[in-house]
There are 2 protein chains.
Amino acid sequence: MTSPSASAPAPRIVRNLLFIMCDQLRADVMSVCGGPVPTPNIARLAARGVRFDKAFVNAGVCGPSRTSFYTGRYPVSHRVTWNRVPMPVDELTLGHYLMDAGLPLHLLGKTHFVPDTRAAAHLGYQVDTAHRGLFREGGFVPIERYDGHFEPEADSPYRQYLLAQGYDSDRPWTDFVIGSQQADGSAADGWLMRHAPLPARVRAQDSETAYLTRRAMDFISAQADTPWALHLSYIKPHWPYKAPAPYHAMFGPDDCMAPIRDARERQDPHPVFGAYQRLEESQAFARDEVWRAIRPVTMGLVRQIDDEIGRLLDHMESLGRLDDTLVVFTSDHGDLAGDHWLGEKEYFYESVMRVPLIVADPHPDAAARHGSSSDALVESIDVVPTVLAALACNPRAHRVEGRSLLALTRAGESPPPWRDCVFGQLDYAYREARQFLGRQPDACQGFMVRDARYKFIAWDGYADQLFDLRDDPSEFDDRGTDPALAGVRERMRDRLLDWFATRKHRASETLEQVEARTHAHERMMGIQIGRW
Amino acid sequence: MTSPSASAPAPRIVRNLLFIMCDQLRADVMSVCGGPVPTPNIARLAARGVRFDKAFVNAGVCGPSRTSFYTGRYPVSHRVTWNRVPMPVDELTLGHYLMDAGLPLHLLGKTHFVPDTRAAAHLGYQVDTAHRGLFREGGFVPIERYDGHFEPEADSPYRQYLLAQGYDSDRPWTDFVIGSQQADGSAADGWLMRHAPLPARVRAQDSETAYLTRRAMDFISAQADTPWALHLSYIKPHWPYKAPAPYHAMFGPDDCMAPIRDARERQDPHPVFGAYQRLEESQAFARDEVWRAIRPVTMGLVRQIDDEIGRLLDHMESLGRLDDTLVVFTSDHGDLAGDHWLGEKEYFYESVMRVPLIVADPHPDAAARHGSSSDALVESIDVVPTVLAALACNPRAHRVEGRSLLALTRAGESPPPWRDCVFGQLDYAYREARQFLGRQPDACQGFMVRDARYKFIAWDGYADQLFDLRDDPSEFDDRGTDPALAGVRERMRDRLLDWFATRKHRASETLEQVEARTHAHERMMGIQIGRW
């Protein structure tokens, strides 16, 4: 940060963090990012920051993607390669780093984090009282952890809240939050996609998005002038696809973007792509009636998020918190919903890997770029170093693999040199796709490198994939074996190799510790190597 | 193991493990491996097993190499990239695995292991009583840990032993074990290489090699018929270069192999190679008087090891232990001692990376191959899976990256398909070489892939290196930028990429756990994804 001169007014200091994550929100849905769903409130946020239009997750599924957002490390480094893979007991997250700086990272909503209790027990680690919560929650301090898509536990505050509002059921979430009523009065199971267009029985103000937002507002109020950090982690527009009124009916099938797909993609696809096409959700979303039922509901859920963000911004503004809070808004991955004849996520298409990312940095040095957008290639792993830099914490450069986006939010007319490609990883060991292909669980990884023009994917045991995003932005034409592009593939493989070779796997000593421990230093300990 | 038929005599079962490691013993010194030092006793051991003539370490320096030997994982996976880098708190070693099987892995000698106590404290892990020793010693159960090259601590059994034998000094190791007397009666500092030819003041029977061997013999006797596992880890012929009589004078300069080096190597060397040439030990060993002083002493120390191995084998034979004990004999890395104008180790030359490896497998199925040699490309990481297989323990296939050598020791006339290249890693962040090059501590890694013909090295920030081992077995001619070999380099880079992409970084779930946790299984938990 710049030092104020004696006569200048004291600069505003970034003191708080609000890290908002949506779940399964693709980059091209919101109007603020050029999409069809009006999002005036998220646009208000963007006006206070920089919108990153080429922001990519490092994995296309919750668990590994979130762990990259939370650790600032690629999946090969944090090793949480799929959902509910326990985080290795030596990993640290933003929560640990902020706790070291005296700023607990509070949590409202989802993390998908799983502690490696088996390893801890096997290694004989008894987690001490002060760290037990951090261990269990991956460094977060939950106000209320709520991962969604399950009936909440009996002691869950959200469940208690639902019961107190009169949603009288043993399963208030199942029956009201994702439950609907059919025309004949019978219950409609919210898990089944054919029921998606029916309104949830929950009132909008009692739905997950509204509930979590209200809790966030209450938390922010309660902090008064004490610095705080909060991860507000919505579980929408992720499945089960169900919106409360009026959001369920705000959009119709003709308001949607049609799936990005082409008949060519079903002809002799790459083996892994072909296996993903065979998954149940892919078979479902391949049918027009399915995406036409689901996409409008997703849009309604996004519209609801925008409304809630509006309430939250109003609240923060009234408290002055927009002036001293770094706000990050993003999603853990996108959504296929029929693109490329696939459902859900995971595969390396832009629909999955590209996400919205807005960084609203209230620092005076960032004012010049407020309301602008950036085409810099940024990644999930950049959030941790951005937060650490904004809050003037130790950058943990021996572990953190991302780059601080403050170099872009606070840059003047000439931003610094930036990375020219991003990286992704998919471990499909846990999916039926592996069984379709008859592969072992330790032979199911793919790695993506994407630069401004090409997307290259290296698969264990199969041919490479390659897309020319300039000539084929829809990614229909896999040129992974096209002899004309052999040179491109070689170059992309070289970049992938360089990337692998420079990961931060030596994480148990800081760079300063390495510096102090030179060979010369060993001599001082009495060892004299190679002296005649 | 094969099942005996009802009438067959009960087969001998491999019940014990003796894992012998030397420190800094190159592959071409011992007569059993074709070298100049008579090693009849190690030859006796080889006659009971298979000698691997293409055995390579995965790193050319103690810490990372040993951690690969002990974990069965490459340095990129175990992340101990140099000496005394603490082992991450989630890693496991052979000691942990054998302890799980009820067979503590006892230790006599060196491991160079450093626990990550800082990380454990930071994460709030209090190591419980049962695991405290394992944590501190990386899974080993020390009878006596003795890492060498320091004056032993006051309570060290070896120090107590020396004092009891009458080596009267505050520093019995410094003054007697590595200390000598000059012609004028004054003390000669054992650290200085010019004093290497003088005999140590210690009697051979009280030197480190003899002391550790005797302790091993005592341990084996004491076990009687109880199964046991022992890592006997000599600290020789590692520096300080000092041998007791008569070993100090058994060989002279003319008995040595001359250094493998060529004037060409000093002309415009690869930057990293050039930086290593500037290290103090390299400058010293470049002088003829230095290698001519050191190499004979090293040979004497190797000869002493052979004599001690003879005593150990006699002892085991008398107890019947050669019939039920898997014996592994190897070294943690080789030794340059002037080769390529370098001293010591680390760099990727054959003198460093290739080590002796003998696996004496007493199982009846191995008898047919006793006394044979193998040119299969094997690696340090193969020791753990070999031991686990021989002792019928869980193979830990989700973590262990090596392959069991029983496929070779117990093979018939047609051994199974085997790997066709080996991999190495060097992190020179801790060396002055980094400072010479002006690099940051996180930008100093090199990776080697070596197949039957080529050795390829990829460096962070510098050109590749490439040696054609068929046409240039001495590795004088770096063809890393030779346009004629661009295709070879591309192929080697591809292999390196494939290797990186298939590392076992997802280590917190077993393969069986992954198998059980399929997508179909999630449905049974109430989640229905993508169902219409």
Side-chain angles (χ1 to χ4, degrees), chain A residues 76 79 81 85-86 88-90 116 119 123-128 130-131 135 149 191-194 239 280-281 284 290 343-344 398 427 429-432 441-442 445 447 458 460 490 493-494 496-497 500-502 504-509 511 514-515 517-520 527-532, chain B residues 76 79 81 85-86 88-90 116 119 123-128 130-131 135 149 191-194 239 280-281 284 290 343-344 398 427 429-432 441-442 445 447 458 460 490 493-494 496-497 500-502 504-509 511 514-515 517-520 527-532:
Chain A
V76 285
R79 297 157 283 155
T81 62
V85 171
V89 294
D90 66 314
D116 197 351
L123 288 156
Y125 300 147
Q126 294 172 335
V127 185
D128 70 25
H131 293 81
F135 174 78
H149 63 71
W191 282 111
L192 299 180
M193 295 200 294
R194 66 175 182 271
W239 47 255
E280 179 171 1
E281 69 268 24
V290 176
E344 302 300 335
H398 65 302
D427 176 8
Y430 297 83
R431 301 305 309 272
E432 289 164 305
D442 55 355
Q445 303 236 39
F447 292 90
D460 187 1
E490 184 187 339
R493 285 180 73 88
D494 281 352
L496 209 43
L497 174 57
F500 272 118
T502 52
K504 299 194 176 179
H505 39 82
R506 190 226 301 124
S508 60
E509 293 205 312
L511 302 185
V514 178
E515 196 68 63
R517 209 152 74 66
T518 60
H519 193 59
I527 294 177
Q528 299 186 65
I529 305 169
R531 181 156 295 177
W532 178 247
Chain B
V76 284
R79 296 156 284 154
T81 62
V85 171
V89 294
D90 66 314
D116 198 350
L123 289 157
Y125 301 147
Q126 295 172 336
V127 185
D128 70 24
H131 293 81
F135 174 78
H149 64 70
W191 281 111
L192 299 180
M193 296 199 293
R194 67 174 181 272
W239 47 255
E280 179 171 3
E281 69 268 24
V290 175
E344 301 300 335
H398 65 303
D427 176 7
Y430 297 83
R431 301 306 309 273
E432 288 164 306
D442 56 354
Q445 303 236 38
F447 292 90
D460 186 0
E490 184 187 340
R493 285 180 73 87
D494 281 351
L496 209 44
L497 174 57
F500 272 118
T502 52
K504 298 194 176 179
H505 39 82
R506 190 227 299 124
S508 60
E509 293 206 311
L511 301 184
V514 177
E515 196 67 64
R517 210 152 72 67
T518 62
H519 193 58
I527 294 176
Q528 299 185 66
I529 305 168
R531 181 156 294 177
W532 177 249

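In the text below, chain A, chain B and the rest are named by the order of the sequence lines, each starting its count at 1.
Contact of the B/T502 side chain with the A/Q445 side chain is not registered, since no non-hydrogen atoms from C-beta on lie closer than 4.5 Å. Using a 4.5 Å cut-off on side-chain heavy atoms (C-beta onward), A/R493 and B/R493 make no contact. For the pair A/R79 and B/R506, the minimum side-chain heavy-atom distance is 4.5 Å or more. In this structure, B/Y430 and A/V514 have side chains that are in contact, with non-hydrogen atoms separated by less than 4.5 Å.
Most heavy-atom pairs under 4.5 Å with chain B, from the set A/D427, A/D90, A/D442, A/V76: that is A/D90. Most heavy-atom pairs under 4.5 Å with chain A: of the set B/A507, B/G343, B/A501, this distinction falls to B/A501. The most heavy-atom pairs under 4.5 Å with chain B, out of A/H398, A/E490, A/K504, come from A/E490. When each of B/G124, B/A130, B/A119 is scored by its heavy-atom pairs under 4.5 Å with chain A, the top score falls to B/G124.
Separation of atoms CZ (B/R531) and CD (A/E280) is listed at 4.0 Å; rounding is to 0.5 Å.
B/A284 and A/G530 get closest at one heavy-atom pair: CB-O, 3.3 Å. Shown here for B/E509 and A/V85, the closest heavy-atom pair between the two residues is OE1-CG2, 4.1 Å.
Every residue meeting the ring pair (Phe, Tyr, Trp, His ring centres under 6.0 Å) condition with B/W191, not counting sequence neighbours, appears here in chain and number order: B/W239. The side-chain contact (heavy atoms from CB on, under 4.5 Å) search around B/E515 returns A/R434, A/Q435, A/P441, not counting sequence neighbours.
Proximity to chain A involves both the backbone and the side chain of B/Q126, based on heavy atoms less than 4.5 angstrom apart. With a 4.5 angstrom heavy-atom cutoff, B/F500 touches chain A via backbone and side-chain atoms both.
Using modelled atom types, no side-chain atom of B/Y125 and backbone atom of A/L123 make a donor-acceptor pair closer than 3.5 Å. At least one donor-acceptor pair under 3.5 Å links the side chain of B/S508 to the backbone N or O of A/P86.
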